[in-house]
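To keep things clear, I will list the structure first and then write my remarks on it.
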Amino acid sequence: QLKAAQEMLNDTEYADPDLVFDELSDYVTLIAKGVMPALLITGQGGVGKSYNIDKILDQYGKRHETWEKVKGKASPTAIYSILWENRDKIVVFDECDNIFKDAEALNILKGALDSNDFREISWATKNEGMVNTSDLDDNNEITQRVQEWSDEHNGKEGLPNHFIFEGEVIFISNLKKSEIYKKDSALLTRCTCIDIVLSAQGVMKRMETVLPHIKIYKSLGAKGSDGKDITDPALKQEVFDFMKSDEFMKNPKVRGKSLNFNVFDKIYKLRWSGLENWKERAFNCGG
């Protein structure tokens with residue numbers, strides 16, 4: 001059934017958002033249960049991919065304990081270290097699109113993406129602090145050797161040059177699947193792939209589904225906080241109704257631009273600020 005739905009998604013230029021996110025939820029659940037080793041979610045940004053994934057993973061565990069997220073650019077060294085430190089967890093690479101262009105990073109990841117029960121990751125590099133564990137096939141023994149090396153080097157942190165990855169990996173990218181395929185087709189064969197391509201109407205349908213859960217913050221607050229919550233249900237509905245209207249959707253300034261939650265956030269803040277001409281300014285908020 002999941003395979004049939006995936007084929008339907010692959011053959012649909014503009015997928016129905018309900019189908020897409022229902023399938024996405026199913027696949028992330030399989031990752032959370034350890035049934036599937038790797039998932040690649042590609043396509044347009046700002047439609048709630050990360051929100052949906054975080055919510056599901058939190059239902060089955062807790063961030064930093066059962067799953068970890070890496071956001072933004074990541075070097076091969078960082079990727080290798082992250083996979084080792086989270087070798088028995090779910091690792092989410094969110095918008096780390098540079099890894100799809102880095103042959104070294106891709107080679108490191110391929111070991112973690114195998115469907116085999118025994119997934120080995122090795123890195124033949126002379127980086128300082130790399131501990132030779134190529135003769136070991138048990139993570140407990142590998143951990144012990146790395147610790148012994150650390151003890152011998154005044155507590156300096158070491159990395160094994162070989163270990164067993166027992167977790168799962170999720171990639172979230174705003175790139176299209178076809179763009180990643182051009183860089184390395186082998187990566188796609190090791191992942192279950194969902195390419196999210198929604199029409200403007202599809203984005204609005206998706207937005208309406210999650211509208212009650214959308215939170216708007218005035219600005220970033222102190223580290224670890226989101227800032228002042230300025231969410232008003234009535235204003236959210238007013239902004240959504242305007243964005244869904246012909247007045248907005250058929251305006252020449254909007255046509256051809258990307259609609260997403262980031263655009264909604266910008267328009268909401270225009271309305272919340274009390275600008276009398278907020279609707280006129282809204283036409284410039286498209287991506």
- Report yes or no: does Thr231 contribute a side-chain atom to a donor-acceptor pair with the main-chain N or O of Ile216 at less than 3.5 Å? yes
- Over 12 non-hydrogen atoms of neighbours within 6.0 angstrom of NZ in Lys71: yes
- Item | side chain to side chain contact (heavy atoms under 4.5 Å, CB included) evaluation trace for Leu259 with Phe264 | CA-CA 8 Å; Leu259 294 183; Phe264 179 87; over 6 Å; no
- Task: Look only at the side chain of Asn52 and the backbone of Gly48, and say whether a donor-acceptor pair between them is shorter than 3.5 Å.
- Result: no
- Ile164, Val131: one ILVMFWY side-chain cluster at the under-4.5 Å cut-off? no
- Item | Heavy-atom pair with the smallest gap, counting every atom of Arg190 and Lys110 | NH1-O, 2.9 Å
- Item | Centroid separation Phe163 to Tyr80 less than 6.0 Å | yes
- Pair Lys69 + Asp54, salt bridge at N-O below 4.0 Å: yes
- Could you please spell out the steps behind the salt bridge (charged side-chain N to carboxylate O under 4.0 Å, His left out) verdict for Lys73 and Asp102? CA-CA 11 Å; Lys73 188 173 182 179; Asp102 190 313; over 6 Å; no
- Item | Arg119/Glu166 ion pair, N-O < 4.0 Å | no
- Would you kindly check if the NZ (Lys) or CZ (Arg) of Arg87 is within the cone defined by 45 degrees around the ring axis of Trp84 and under 6.0 Å from the six-membered ring centre? yes
- Item | Note, Phe261 side chain near Val210 side chain (heavy atom, < 4.5 Å) | yes
- Search all heavy atoms of Ile214 against all heavy atoms of Lys236 and return the closest pair with its distance. O-NZ, 3.0 Å
- Message: Less than 3.5 Å apart, any donor N or O on the side chain of Trp67 or Asn86 sitting next to an acceptor on the other?
- Response: no
- Could you tell me whether the side chains of Ser81 and Glu85 share a donor-acceptor contact shorter than 3.5 Å? yes
- Around Gln59, counting heavy atoms of other residues, nucleotides and ligands shown, do more than 12 lie under 6.0 Å from its CD? yes
- Message: Do Tyr27 and Ile194 have side chains that approach each other closer than 4.5 Å (heavy atoms only, starting at C-beta)?
- Response: yes
- Task: Using a strict 4.0 Å threshold on nitrogen-to-oxygen distance, state whether Lys269 and Asp265 make a salt bridge.
- Result: yes
- What are the two closest non-hydrogen atoms of Ser50 and Ile172, and how far apart are they? OG-CD1, 3.8 Å
- Charged N-O contact under 4.0 Å between Asp151 and Lys156: no
- Message: Can you confirm whether Phe240 is buried at CZ, in the sense that more than 12 heavy atoms of other residues, nucleotides or ligands lie under 6.0 Å from that atom?
- Response: yes
- Query: Can you tell me if Asn161 uses its side chain to pair, donor with acceptor, with the backbone of Thr133 under 3.5 Å?
  - Reply: yes
- Partners passing side-chain hydrogen bond (donor to acceptor under 3.5 Å, both in side chains) against Glu68 (at least two apart in sequence or in another chain): His64
- Message: For a 4.5 angstrom cut-off between non-hydrogen side-chain atoms, does Val263 reach Met243?
- Response: yes
- Task: Show the numbers, then the answer: is there a side chain to side chain contact (heavy atoms under 4.5 Å, CB included) between Val28 and Leu57?
- Result: CA-CA 7 Å; Val28 176; Leu57 293 180; 4.0 Å; yes
- Message: Can you confirm whether Ile41 sits close enough to Phe171 that some side-chain heavy atom of one is under 4.5 Å from a side-chain heavy atom of the other?
- Response: no
- Item | Any side-chain donor near an acceptor of the partner, Asn140 and Gln144, under 3.5 Å | no
- Task: Give the minimum heavy-atom separation between Phe242 and Ala282, together with the two atoms involved.
- Result: CE2-CB, 3.8 Å
- Message: Tell me whether Val35 shares a hydrophobic cluster with Ile170, the cluster being built from Ile, Leu, Val, Met, Phe, Trp, Tyr side chains joined at under 4.5 Å.
- Response: yes
- Please determine if Glu168 and Lys89 form a salt bridge, counting it only when a charged side-chain N lies under 4.0 Å from a carboxylate O. no
- Message: Quiz question: by atom type and distance under 3.5 Å, do the side chains of Glu247 and Asn251 form a donor-acceptor pair?
- Response: no
- Message: Keeping Asp232 on the side-chain end and Leu235 on the backbone end, is there a donor-acceptor pair under 3.5 Å?
- Response: yes
- What's the verdict on side chain to side chain contact (heavy atoms under 4.5 Å, CB included) for Phe248 and Lys279, showing C-alpha distance, side-chain angles and the deciding distance? CA-CA 8 Å; Phe248 181 80; Lys279 290 185 177 181; over 6 Å; no
- Is the side chain of Thr66 donor-acceptor paired with the backbone N or O of Lys62 at a distance under 3.5 Å, no angle test? yes
- Where is the tightest heavy-atom contact between Ser173 and Asp97, given as atom of each residue plus distance? OG-OD1, 2.7 Å
- Message: I'd like to know whether Thr42 forms a side chain to side chain contact (heavy atoms under 4.5 Å, CB included) with Lys176, so could you lay out the CA-CA distance, the side-chain angles of the two residues, the decisive distance to 0.1 Å, and finally the verdict.
- Response: CA-CA 6 Å; Thr42 59; Lys176 293 181 180 179; 5.8 Å; no
- Looking only at non-hydrogen atoms, find the nearest pair between Ala32 and Ile90 and report the distance. CA-CD1, 3.6 Å
- Task: Determine whether Phe93 and Leu40 make a side-chain contact, defined as any pair of heavy atoms from C-beta on separated by less than 4.5 Å.
- Result: no
- Query: So do Val169 and Leu113 actually touch side chain to side chain, heavy atoms under 4.5 Å?
  - Reply: yes
- Item | Set of side-chain hydrogen bond (donor to acceptor under 3.5 Å, both in side chains) partners for Asp22, sequence neighbours left out | none
- Query: Among the clusters formed by ILVMFWY side chains lying less than 4.5 Å apart, do Ile196 and Tyr51 turn up in the same one?
  - Reply: no
- Item | Heavy-atom donor-acceptor pair, His162 side chain to Leu136 backbone, under 3.5 Å | yes
